[in-house]
Amino acid sequence: MHTKIKVNMEYDFRVIENKWRKFWAENKTFKVTEETQKPKYYVLDMFPYPSGAGLHVGHPLGYIASDIYSRYKRLQGFNVLHPMGYDSFGLPAEQYAIQTGQHPSITTEQNIARYREQMDKIGFSYDWDREVRTSSPEYYKWTQWIFKQLFDCYYDNRTNKAERISQLVSEFQLNGNVQVNACTDCETNFTAEDWNSYSEQRKEEILQEYRLAYLADSWVNWCPALGTVLANDEVVNGVSERGGHPVEQKLMRQWSMRIKAYAERLLTGLETVDWTDSIKDQQRNWIGKSQGCSLQFKIDESNLQIEVFTTRPDTVYGVSFMVLAPEHPYVDQITTAEYATAIADYKKAASLKTERDRQADVKNISGQFTGAFAVHPFSGEKVQIWIGDYVLASYGTGAVMAVPCGDQRDYDFAKHFNLEIKNIFASVDISEAAYTEKDAVIANSDFLNGLDAKSAIKKAIETIEEKGLGKGKTNYRLRDAVFSRQRYWGEPFPVYYKNELPYLVDDANLPIELPEVDKYLPTEDGEPPLARAEKSAWNFSQGDRMEFNTMPGWAGSSWYFLRYMDPKNEIEFVSKEKADYWNQVDLYIGGSEHATGHLLYARFWTKFLFDQGYISFDEPFAKMINQGMILGRSSFVYRIKDSIKFVTLSKKKDFDVTPIHVDISLVDNDKLDIEGFKAWRPEFSQAEFICEEDGSYVCGTEVEKMSKSKYNVQTPDELVDKFGADTLRMYEMFLGPLEQSKPWDTKGINGVHNFLRKLWRLFHDQEGNVFLVDESPTKEALKTLHKTIKKMTDDLDRFSFNTGVSNFMICVNELTDQKCHNKAILSELIIMLSPYAPHICEELWVKLGNDAGTINEARFPAFKEEYLVEASVAYPISFNGKMRMKLELPTTYSAQEVEQAVLENQDAQKWLEGKSPKKVIVVPGKIVNIVL
RNA sequence: GCUCGGAUGGUGGAAUUGGUAGACACGCCGGACUUAAAAUCCUGUGGGCAUUUGCCCGUGCGGGUUCAAGUCCCGCUCCGAGUACCA
């Protein structure tokens with residue numbers, strides 16, 4: 001007696017996927033080089049910060065899409081660069097280090113290992129030889145080097161690009177700064193003699209006002225809880241983006257990046273990239289360009305002049321007072337003795353307000369009269385000068401001319417303090433609110449009377465310029481980005497100090513490595529953690545001391561896409577040849593939450609590196625797709641108050657219940673695993689249940705963000721173990737359009753898994769033996785195949801990954817109905833499917849008689865129209881727009897022939913009701929509509 | 001407030017330039033196999049009325065354009081995201 005062992009009986013994804021994972025790794029199947037005649041294509045994922053929690057199913061969504069696209073492009077004959085790495089500097093590892101004393105590099109290393117393990121399970125076709133980590137010295141050496149270039153450059157508005165500081169210095173030596181037109185904070189003019197007489201210190205102070213990376217006292221977002229400053233995009237609603245801690249304004253000496261210099265190019269460059277309107281709009285708003293003019297107001301009985309910026313010079317005759325920011329430098333000088341105390345009190349109160357308080361207080365109007373008056377530049381009238389915290393020190397000039405009739409904030413301020421409101425608009429009622437539209441005719445305004453806003457603005461600017469009162473000006477909301485952090489786990493600066501002046505470390509001494517410290521906390525004097533390092537702990541040190549700040553999180557991520565092109569280069573950050581070959585990222589996939597952070601900074605650095613000739617493109621990401629967020633689907637059980645009884649969803653309304661989050665692994669199709677639940681936690685071991693009629697306990701659900709505390713986190717690993725990576729890949733795509741955010745729900749995953757099993761059966765007989773036929777394919781199989789080829793190509797070209805999955809399902813359903821086991825047909829199908837489900841396709845490819853791994857060099861099948869040509873079309877026939885019947889007619893029929901055939905048709909008579917139609921519309925091949 | 005998305009069966013979603021609304025999948029109903037269950041396979045499945053054939057309604061709401069509207073235009077409602085004293 002012996003039992004017959006059936007080989008390959010079922011689709012055993014565990015064996016198959018392990019086998020191919022190993023094969024790809026051992027053969028370096030996805031290694032990519034530049035030595036090829038193929039055209040290049042660069043597909044990039046936003047690299048992750050390796051957090052301790054690992055990946056949940058939301059993370060790989062974008063990675064799967066980009067992997068499918070990369071594999072598709074390879075099959076189309078492109079040389080595809082598809083790398084992955086880690087943004088591995090950051091706060092969580094450091095916070096953990098503070099708590100445990102463990103070096104953040106250890107945690108980081110462990111987290112990376114976990115991420116890698118999880119990613120490997122999903123079968124990504126990354127070239128891992130190109131992996132980068134922002135926290136590795138080999139990488140941050142070049143981050144430091146780029147910083148040096150920024151330090152050594154200024155922005156010249158004439159050449160409209162970054163130029164070397166040495167050029168500027170030569171100009172200063174020859175002509176001073178009078179002829180210089182640069183982006184600068186320097187407001188004083190000096191001659192060549194002045195310059196040459198300055199001390200080294202004075203010279204450097206001036207140069208700092210020109211450098212693209214510079215040291216300056218600036219108002220920063222200080223977060224006491226994190227012990228560091230934050231960039232504007234890292235502050236959300238007045239609290240830190242990470243951790244939600246309060247943020248206050250503080251004047252500190254900080255490194256900043258003169259991103260303002262690039263404001264205009266960052267704006268116009270948006271027109272050259274294929275990104276969503278939403279992201280482009282966010283960047284445009286962030287840059288906040290506004291056009292208007294500057295205007296000087298003389299202060300009465302003083303030599304001082306206050307400059308304001310306004311976009312509405314046409315309303316200048318409506319000015320009835322002025323408001324300065326409490327931090328405005330002239331406030332103390334102009335305040336009269338009578339108001340000195342009140343002003344001092346107001347300033348103090350304003351400075352104590354955190355950003356959050358100030359935002360929460362928007363409706364609370366506050367301000368204080370200074371006692372001083374300004375002279376209206378046209379009417380000569382005296383107007384009061386106030387201070388108020390609705391005027392921001394950091395925008396424009398920190399002062400506004402208040403036009404209550406045309407600006408709601410000025411209006412509210414005037415009402416609150418009972419100040420004059422002049423109406424300078426003809427026939428507009430301003431008794432209730434300011435009139436902010438630009439469509440009124442100007443009145444009571446001398447030379448502007450009778451003009452509409454547009455021409456009045458033009459005329460006003462002309463007149464202001466003629467009289468030398470100011471000039472036309474463009475303002476940007478974008479502020480320079482603070483570039484230092486008082487933290488440990490970031491890039492050290494390649495900077496040392498001598499007499500408190502910063503100097504750059506020579507290239508030969510890079511990288512400046514992170515020194516060991518005893519604790520990851522600030523010193524007792526409030527110096528950053530690096531101040532704890534002994535001199536000997538630095539791999540290089542010079543001058544009085546090294547820089548103690550580290551770079552912010554966005555430093556390393558602003559150029560990583562360049563390093564992937566040439567990751568091992570020891571003499572350059574990227575070679576020109578390789579940067580020229582790979583060029584822009586053709587497709588970038590990632591979240592939209594980086595709209596005003598990473599995506600803006602990366603564009604800034606790219607433009608700078610372009611200006612300096614290191615690369616030959618000035619936009620990094622030609623096309624970008626933002627994947628939607630995957631939300632968690634939480635499950636709830638309902639405990640009856642003060643009991644250990646739980647009641648099922650449909651009956652909970654009869655009781656007073658408390659919903660309790662239950663781990664989603666204990667729930668299948670909303671039905672609770674009761675025994676599992678009892679074993680989950682000791683306090684539930686004696687739980688009792690009031691169930692549905694069929695004896696099951698049904699849980700309630702809610703869509704929320706995925707988080708550990710809600711027990712709704714789904715890791716990809718569990719699903720790979722249960723269904724396989726190919727199923728997971730296809731299911732994540734099948735969920736819906738990539739860009740849309742959606743709740744995670746495993747309800748439909750069986751459907752996708754069944755599809756793969758059905759596919760498997762196309763290659764096997766009922767006993768499970770390989771069963772393939774090598775004859776010429778049937779007409780209908782060819783039709784099915786080519787229909788699929790066409791759809792797949794169209795769908796991939798428009799990144800419609802979800803419809804792609806259904807195309808395959810339809811194809812396999814049809815081939816199953818046709819009992820198709822044809823090698824030629826199945827080969828083409830497998831090639832098309834391999835980007836989505838690479839493991840099973842590799843396996844089936846070998847069964848088709850091919851060499852292992854060669855599917856990756858195959859060509860994506862070409863669509864041939866001829867296989868879809870049919871002899872007849874089933875025309876839907878509509879009467880008055882309503883589809884009533886179908887009529888099979890030859891494809892070759894002309895519109896007239898179709899019309900005739902329809903009108904003569906037996907079944908159509910019923911609908912014609914003997915009438916002759918008013919009109920017959922025939923769209924050949926598509927539809928017929930008869931209007932009665 | 002402003003800007004940008006979105007709303008289609010019980011559910012996720014499809015309909016690419018205006019041309020058969022609901023593809024594909026889940027779920028559910030019924031059936032086959034089985035001692036039974038699971039798995040698998042077959043059938044049905046937008047709602048309502050008729051129950052063979054058929055008819056009416058139907059893509060958030062109200063209008064409009066068109067032979068024809070989920071798709072275009074105007075006006076709303078709701079949901080999501082971003083942003084907010086930016087002069």
Side-chain angles (χ1 to χ4, degrees), chain A residues 10 236-237 276-282 284-286 288-290 292 308-312 315 322-323 325 358-359 361-363 365 388-392 394-403 406-410 412-413 475-479 592-593 595-596 626 628-629 631 669-670 730-731 734-737 739-752 754-755 757-758 761 791 794-795 797-798 800 802-813 874-886 917-923 925-932:
Chain A
E10 270 294 321
V236 178
N237 293 327
T276 61
D277 287 339
S278 151
I279 295 258
K280 286 187 183 187
D281 274 343
Q282 281 182 55
R284 283 189 195 109
N285 292 338
W286 192 259
K289 180 177 183 174
S290 55
V308 300
F309 172 76
T310 178
T311 55
R312 296 293 304 272
T315 63
M322 291 186 76
V323 187
R358 229 162 134 154
Q359 280 182 8
D361 256 9
V362 169
K363 285 184 193 84
I365 296 158
D389 68 4
Y390 83 93
V391 178
L392 304 175
S394 49
Y395 181 77
T397 61
V400 301
M401 58 175 219
V403 183
D407 184 290
Q408 193 57 44
R409 292 153 304 164
D410 296 346
D412 295 340
F413 195 85
N475 239 355
Y476 298 93
R477 198 182 81 114
L478 182 72
R479 316 222 191 120
S592 57
E593 66 273 20
T596 52
N626 308 111
M629 209 203 315
L631 300 161
N669 264 326
D670 294 342
M730 293 198 86
Y731 184 59
F734 192 56
L735 233 38
E739 299 92 328
Q740 210 167 291
S741 58
K742 52 224 152 196
W744 177 259
D745 195 336
T746 52
K747 238 171 32 189
I749 199 165
N750 269 314
V752 173
N754 285 343
F755 156 76
R757 296 172 53 183
K758 216 164 166 182
R761 268 179 259 139
K791 279 193 193 156
D794 288 353
D795 285 354
D797 288 344
R798 65 192 175 103
S800 177
N802 56 326
T803 51
V805 178
S806 23
N807 293 340
F808 287 122
M809 288 174 167
I810 295 166
C811 179
V812 167
N813 286 347
Y875 274 97
I877 315 295
S878 305
F879 294 82
N880 286 332
K882 279 180 187 165
M883 208 279 284
R884 295 300 187 184
M885 54 181 276
K886 282 186 188 169
K918 287 194 187 113
K919 203 169 174 186
V920 178
I921 287 122
V922 177
V923 184
K926 280 256 160 107
I927 198 167
V928 178
N929 191 14
I930 295 160
V931 187
L932 292 171

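Chain naming here is simple, since letters A, B, ... match the order of the sequence lines and numbering starts at 1 in each.
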Q: Establish, with yes or no, whether the OP1 or OP2 oxygen of B:A23 is under 4.0 angstrom from a side-chain nitrogen or oxygen of A:T803.
A: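 Looking at the OP1 and OP2 atoms of B:A23, neither is under 4.0 Å from any side-chain N or O of A:T803.
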Q: Go through the structure and list residues passing side chain to side chain donor-acceptor pair (under 3.5 Å) with A:T596, not counting sequence neighbours.
A: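 Scan of A:T596 (side chain to side chain donor-acceptor pair (under 3.5 Å), adjacent residues dropped) gives none.
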Q: Below 4.0 angstrom from OP1 or OP2 of B:U40, is there any side-chain N or O of A:R757?
A: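 Answer is yes, contact under 4.0 Å.
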Q: Distance check: side-chain N/O of A:R884 vs OP1/OP2 of B:C56, anything under 4.0 Å?
A: yes
Q: Taking only the side-chain heavy atoms of A:K747 (C-beta and beyond), determine which of B:C26, B:A87, B:G19 contains the nearest atom.
A: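 Comparing B:C26, B:A87, B:G19 against the side chain of A:K747, the answer is B:C26.
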Q: Please determine, for the side chain of A:V400, which listed nucleotide (B:A87, B:A25, B:U16) has the closest atom?
A: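 The listed nucleotide nearest to A:V400's side chain is B:A87.
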Q: Would you please confirm or rule out a distance under 4.0 Å between OP1 or OP2 of B:U40 and any side-chain N or O of A:N754?
A: yes
Q: For A:K289 and B:U3, what is the distance between atoms NZ and P respectively, to the nearest whole Å?
A: 20 Å
Q: Do A:K926 side-chain and B:U20 base share a donor-acceptor contact under 3.5 Å?
A: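 Absent.
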Q: What is the ring orientation for A:Y390 with A:F413, classed by angle as parallel under 30°, tilted 30 to 60°, or perpendicular over 60°?
A: tilted
Q: So, is A:K882 close to the B:A69 phosphate, meaning a side-chain N or O under 4.0 Å from OP1 or OP2?
A: no
Q: What's the separation between atom CZ in A:F879 and atom CE in A:M885, rounded to the nearest 0.5 Å?
A: 6.0 Å
Q: Return one dot-bracket line describing RNA chain B 5' to 3' (Watson-Crick or G-U wobble pairs, both distances under 3.5 Å; ( ) same strand, [ ] crossing, | another strand, . none).
A: (((((((..(((......[....)))((.(((.......))).))((((....))))..(((((..]....))))))))))))....
Q: Think A:Q740 has a side-chain N or O under 4.0 angstrom from the OP1 or OP2 of B:G5?
A: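 Checking A:Q740 against B:G5: no side-chain N or O falls below 4.0 Å of OP1 or OP2.
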Q: Does A:N880 put a side-chain nitrogen or oxygen below 4.0 Å from OP1 or OP2 of B:C67?
A: no
Q: Can you identify which nucleotide, out of B:C67, B:A14, B:A87, has its nearest atom closest to the A:N929 side chain?
A: B:C67
Q: Taking the minimum atom-to-atom distance to the side chain of A:S278, which one of B:A25, B:C4, B:A87 wins?
A: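 Among B:A25, B:C4, B:A87, the one nearest the side chain of A:S278 is B:C4.
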Q: Apply side chain to side chain donor-acceptor pair (under 3.5 Å) to A:N750 and list each qualifying residue two or more places apart in sequence or on a separate chain.
A: none
Q: Just compare B:G19, B:A84, B:C26 and give me whichever is closest to any side-chain atom of A:I921.
A: B:G19
Q: How should the glycosidic conformation of B:G64 be described, syn or anti, under the criterion that syn lies within 90° of 0?
A: anti
Q: Quick check for you: among B:A21, B:G13, B:C86, whose closest atom lies nearest to any side-chain atom of A:M883?
A: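 The nucleotide sitting nearest to the side chain is B:A21.
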Q: Test of understanding: with side chain to side chain contact (heavy atoms under 4.5 Å, CB included), list the residues that count as partners of A:N929, not counting sequence neighbours.
A: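 A:N929 satisfies side chain to side chain contact (heavy atoms under 4.5 Å, CB included) with A:S878, A:I921 only.
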Q: Does a nitrogen or oxygen in the side chain of A:K919 sit under 4.0 Å from OP1 or OP2 of B:C67?
A: yes
Q: I need the CZ-P distance between A:R477 and B:C2, as an integer number of Å.
A: 17 Å
Q: Not counting sequence neighbours, which residues clear side chain to side chain contact (heavy atoms under 4.5 Å, CB included) with A:K280? List them please.
A: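 Partners of A:K280 under the side chain to side chain contact (heavy atoms under 4.5 Å, CB included) test: A:L270, A:V273, A:W275, A:R284.
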Q: Looking only at side-chain atoms of A:R409, point me to the closest of B:A14, B:C86, B:A25.
A: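 When the side chain of A:R409 is considered, B:C86 is the closest of B:A14, B:C86, B:A25.
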Q: Could you tell me which residues satisfy ring-ring contact (aromatic ring centres under 6.0 Å, His included) with A:F808, sequence neighbours excluded, listed by chain and number?
A: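 By the ring-ring contact (aromatic ring centres under 6.0 Å, His included) rule, A:F808 matches A:Y836.
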